[in-house]
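Each chain gets a letter, A, B and so on, in the order the sequences are listed, and its residues count up from 1.
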Amino acid sequence: MFEAKLTEGLILKKIVESIKDIVTDVNIDISPSGISLQAMDSSHVALVSLNLSMDGFEHYRADTNMVLGVSIANLAKVMKLADNNDQITLQADQEATHLKIIFENPKTERTTEFNLNLITIDSEHLAIPETEYSSVVTINSGEFSKICKELFSLSETVQITTNTDYVQFSVEGEVGSGQVRLGHNDSEKKEDQTILEVSESVQQQFAIRYLNMFNKASTLSSFTRLCLHQEQPLVVEFKIDNLGVLKYFLAPKISD
Amino acid sequence: MQQKALTSFFSSA
């Protein structure tokens, strides 16, 4: 038996919106301590990793580990039934064939229920090693979104360069070349801060179109954390207050 | 420029 109730259901709605363009069918792992999922996009370039702790739920019960295979596209359709102020409850029996999703609005007394059919997914699970990232950049999520969006209109690829003084996003395309450079900024206004933790500088190139997809999660968190290592995929991380973390991994582009 | 795959960095669990 699994049951989890989230008071701020909008968070779940935003999570589904933030991953639905990247992954299609996903195994959701339920454990007594929380909910997690890991899934790659069809081209094996990007990976979504979500971890939600039971502590963030108003009510949480999972007697055993369970795997719930869902179509994210269909889950997104169901989530559209939810009002932004709804509480969301997820329920599944042992050996379940469907996931029951309940939306409740205590103010308007409206309740919506949907039984989403579960599917069997044979997905590849990757072992992601613990990595000591040599550059970690914490940046306002709205600002990072805007930078990626605007640069994408100029080039398909961005080069991210870090050093102890700044992080630089540079593009080169038919239109020309240029860069956005952000220095370490720990101003009093927290939302303006850009925090650089660089032990070794990194220079890597990435497909901007994926970053734009990841940035849908910017509504979940005021800050985006970019974790870089010269020999590893980029991690774009969004902390979800009191509940967990949504991470995206993106493989770099390498010069031929 | 060549797009690398994640599977060239991470192995199957």
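Atoms CD and OG, on Glu124(A) and Ser11(B) in that order, are 9.5 Å from each other to the nearest 0.5 Å. Put simply, NZ on Lys4(B) and NZ on Lys253(A) are 13.5 Å apart, with the number rounded to the nearest 0.5 Å.
For chain B, the nearby part of Glu231(A) is the backbone; its heavy atoms alone come within less than 4.5 Å. Interface residue Gln232(A): backbone and side-chain heavy atoms are both found under 4.5 Å from chain B.
No more than 12 heavy atoms of other residues, nucleotides or ligands lie within 6.0 Å of CD in Glu172(A), so this atom counts as exposed by the packing criterion. In Glu150(A), the CD atom is crowded: over 12 heavy atoms of neighbouring residues, nucleotides or ligands sit closer than 6.0 Å. Under a cut-off of 6.0 angstrom, the local environment of CD in Glu132(A) is sparse, with at most 12 non-hydrogen atoms contributed by other residues, nucleotides or ligands.
When all heavy atoms of Ala5(B) and Ala251(A) are compared, the closest pair comes out as C-CB, 3.9 Å. Across all their heavy atoms, Leu250(A) and Leu6(B) have their closest contact at C-CD2, 4.2 Å.
Checked against the 6.0 Å centroid criterion, the rings of Phe249(A) and Phe10(B) qualify as a close aromatic pair.
The main-chain N or O of Ile254(A) is never found under 3.5 Å from a side-chain atom of Gln3(B) such that the two would form a donor-acceptor pair.
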